[in-house]
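See structure below.
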Amino acid sequence: MKKSRFAALTLSAPLLLSGVVMMPADFGGQTTAEAAKPGNPAAFDQKVISRIDAERIYSDVYHLSETIGPRVAGTAEERETASLIRERLESYGYEIEVQEFGIPDTMVGHLSTSNGDEVEAAFPSGSAETPESGLTAQLYDAGLGYPADFTEEASGKIVLISRGEFSFREKIDRAAAAGAVGVIIYDNSEASGPPNMSIGEDAPLPVAGIRKASGEALLEDVVATGGTVTLKVDALTGQTSQNIIATRAPKHLNNPDIVHVSAHFDSVPLAPGASDNATGTATALEIARVLKSYPIDKEVRFAFVGAEEIGLVGSAHYVSALTQDEVSRSIANFNMDMVGTSWENATAIFMNTLDGQPNIVTEAALATQDRIATPSELILYQRGASDHVNFHEAGIPAVNFIRREPGTAALEPYYHTPQDTIEYVSKERLKEAGDLVGAALYSVIRKN
């Protein structure tokens, strides 16, 4: 097949909502000697940060991203990662539970134009399938997918929609309501690969995601000329993923409060997933190592979850498996995702909450920042899009720690691309995340 200009770069910019910024102060104004006094919170901080090893975290990030590589939900690479995590946590003495669960079908497919051009595309989990021979139809330009963008002309056509303003699923459902037979969503900024989209389960139409330049070329070469495209989507069925849960409970204490620490270890297709999310996984592993034997009066559960990238499936399974008693005893979720990027613009650690409000986790992190003088600003921000969502919806106070650019809230340009490699991971920022989250976590679970 001939090569065409249906290849370009793209990436999504997150929606800016609201932010609260607080800056650090060394030991809250205390001298080093005062901070080190037994019983002083800063002394407990030092027990954690003195042992957080950036080299160890970086080595794990390297192994996950460069040795194992892309860890797509349901693949052998994801299973290999789960085994590594389980073995490591077992060596630390935690009680281990492996949760295996089914995942939505993995979709594969093909997109081409009536001109014979092949269009590079991604096919999201949850997409409907096409007939075995594929689906050939004219394209309809539906803009951003506002209700008014769909006229009766969309009926019987494959609609082309720009990313932005609405969720992917809203765009798809509106296309289905207008009588469309398929959906192609093109990115709204430059990236090196098609967007990997979370669209939920059982979408009403077959769906493909393409790069920004590919969408613009389709508008010019196919929509404007009345040409057609052929879309083919098939499902690979019966796949599973898994969660690895490591639990440590306080001795001689019945029914303690529970604190959950979570990180997803899967990645999107083609992306080695160094930042997203080997950094969060490796940092959580290091915190688990450091806290494996310190006195605690809360139960701590490290939940390493699979299948995040296809719709937060692993964390949804984990939370749904909690009993009502466990939920009622759960007081916090510390979730880490993309905490170690070296992208120079990502100077802030965002504390994303689903409602934009502070909670026990944000308060612990801000108090810890004040004591240990975390170099980066912390920003309280309203956003979902990671595993903290499922904890929040169960009534558990939850925070997603993630690095973004202040002001724009943009993620690094390597996000969800083949360039998400160890080259763009910072040891210093891994250490900073381990210190901040580790010490904040210990301030919540430690024995007073």
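All values below were derived from every heavy atom in this structure, side-chain atoms included, with hydrogens, water molecules and symmetry-related copies excluded.
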Taking the side chain as every heavy atom from C-beta outward, state whether [X] and [Y] have any atom pair closer than 4.5 Å.
{"X": "I396", "Y": "H392", "value": "no"}
{"X": "T81", "Y": "L64", "value": "yes"}
{"X": "L354", "Y": "Q382", "value": "no"}
{"X": "V72", "Y": "V268", "value": "no"}
{"X": "D387", "Y": "N400", "value": "no"}
{"X": "I331", "Y": "V259", "value": "yes"}
{"X": "I57", "Y": "K431", "value": "no"}
{"X": "L231", "Y": "V233", "value": "yes"}

Please find the pair of heavy atoms, one from [X] and one from [Y], that lie closest to each other, and give the distance.
{"X": "F150", "Y": "A175", "result": "CE2-CA, 3.6 Å"}
{"X": "V159", "Y": "A154", "result": "CG1-CB, 4.2 Å"}
{"X": "A176", "Y": "P204", "result": "CB-CG, 3.6 Å"}
{"X": "Y58", "Y": "V425", "result": "CE1-O, 3.9 Å"}
{"X": "V61", "Y": "A274", "result": "CG1-O, 3.8 Å"}
{"X": "A122", "Y": "P194", "result": "N-CB, 3.8 Å"}

_D173 vs K171, salt bridge (charged side-chain N to carboxylate O under 4.0 Å, His left out): CA-CA, chis, key distance, verdict_ = CA-CA 6 Å; D173 288 343; K171 296 173 188 287; over 6 Å; no
*Can N243 and V98 be said to form a side chain to side chain contact (heavy atoms under 4.5 Å, CB included), step by step?*
CA-CA 6 Å; N243 298 330; V98 178; over 6 Å; no
[Y] and [X] aromatic ring geometry - parallel, tilted or perpendicular at 30°/60° bounds:
{"X": "F350", "Y": "Y381", "answer": "perpendicular"}
{"X": "F302", "Y": "F304", "answer": "parallel"}
{"X": "F101", "Y": "H317", "answer": "parallel"}

Nearest-0.5 Å distance, [atom1] of residue [X] to [atom2] of residue [Y]:
{"X": "M351", "Y": "N359", "atom1": "CE", "atom2": "CG", "answer": "9.0 Å"}
{"X": "E90", "Y": "I96", "atom1": "CD", "atom2": "CD1", "answer": "5.5 Å"}
{"X": "L111", "Y": "L218", "atom1": "CG", "atom2": "CG", "answer": "6.5 Å"}
{"X": "N333", "Y": "S315", "atom1": "CG", "atom2": "OG", "answer": "8.5 Å"}
{"X": "E423", "Y": "S275", "atom1": "CD", "atom2": "OG", "answer": "13.0 Å"}
{"X": "M107", "Y": "S125", "atom1": "CE", "atom2": "OG", "answer": "7.5 Å"}

_Using the rule given for side-chain hydrogen bond (donor to acceptor under 3.5 Å, both in side chains), can you reason through E432 versus S376, listing the C-alpha separation, both sets of side-chain angles and the distance that settles it, and then say yes or no?_
CA-CA 8 Å; E432 184 178 356; S376 301; 2.9 Å; yes
Is there a donor in the side chain of [X] and an acceptor in the side chain of [Y], or the other way round, less than 3.5 Å apart?
{"X": "S112", "Y": "E118", "value": "no"}
{"X": "E78", "Y": "S241", "value": "yes"}
{"X": "N188", "Y": "S162", "value": "no"}

*asked:* Quick one: does any side-chain atom of N115 pair with a main-chain N or O of D117 as donor and acceptor, under 3.5 Å?
replied: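 No, the answer is negative, given that no donor and acceptor are paired below the 3.5 Å cut-off.
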*Output yes when a side-chain donor or acceptor of S328 lies under 3.5 Å from a complementary backbone atom of D325, and no otherwise.*
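Checked: pair present.
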Residues in side chain to side chain donor-acceptor pair (under 3.5 Å) contact with [X], at least two apart in sequence or another chain:
{"X": "Y318", "answer": "H260"}
{"X": "E201", "answer": "none"}
{"X": "S114", "answer": "none"}

*Please walk me through it: do W343 and Y414 pass side chain to side chain contact (heavy atoms under 4.5 Å, CB included)?*
CA-CA 9 Å; W343 185 46; Y414 328 111; 4.0 Å; yes
_Applying side-chain hydrogen bond (donor to acceptor under 3.5 Å, both in side chains) to D105 and T237, what does each step give before you reach the verdict?_
CA-CA 5 Å; D105 298 340; T237 62; 5.2 Å; no
*Which residues satisfy the salt bridge (Lys or Arg N to Asp or Glu O under 4.0 Å) test with R301, sequence neighbours excluded?*
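Partners of R301 under the salt bridge (Lys or Arg N to Asp or Glu O under 4.0 Å) test: E299, E326.
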_Pairs flagged by side-chain hydrogen bond (donor to acceptor under 3.5 Å, both in side chains) wherever residues 147-157 is involved - sequence neighbours left out_ =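 Of all non-adjacent pairs touching residues 147-157, those that pass side-chain hydrogen bond (donor to acceptor under 3.5 Å, both in side chains) are Y140-T151.
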*Go through the steps for I158 and V183 under the test side chain to side chain contact (heavy atoms under 4.5 Å, CB included), then give the verdict.*
CA-CA 5 Å; I158 296 173; V183 174; over 6 Å; no
*Walk me through it: do S65 and R71 pass the test side-chain hydrogen bond (donor to acceptor under 3.5 Å, both in side chains)?*
CA-CA 8 Å; S65 60; R71 305 170 301 282; 5.7 Å; no
_Pair Q138-T228, side-chain hydrogen bond (donor to acceptor under 3.5 Å, both in side chains): steps then yes or no_ = CA-CA 4 Å; Q138 286 187 307; T228 64; over 6 Å; no
Charged N to carboxylate O below 4.0 Å: is that the case for [X] and [Y]?
{"X": "D60", "Y": "R56", "answer": "no"}
{"X": "R211", "Y": "D187", "answer": "no"}
{"X": "E286", "Y": "R289", "answer": "yes"}

*Should E95 and R248 be marked as a salt bridge (charged side-chain N to carboxylate O under 4.0 Å, His left out) after you check the CA-CA gap, both sets of side-chain angles, and the distance that decides it?*
CA-CA 7 Å; E95 179 183 335; R248 182 174 170 234; over 6 Å; no
Exercise answer: donor-acceptor pairs, residues 305-314 side-chain atoms, under 3.5 Å, sequence neighbours excluded:
from	atom 1	to	atom 2	distance (Å)
E308	OE1	H264	NE2	3.3
E309	OE1	H416	NE2	3.1
E309	OE2	H416	NE2	3.4

_Could you walk me through whether T341 and T279 satisfy the side chain to side chain contact (heavy atoms under 4.5 Å, CB included) test, starting with their C-alpha distance in whole Å, then the side-chain angles of each, then the deciding distance to 0.1 Å, before giving a yes or no?_
CA-CA 8 Å; T341 178; T279 58; over 6 Å; no
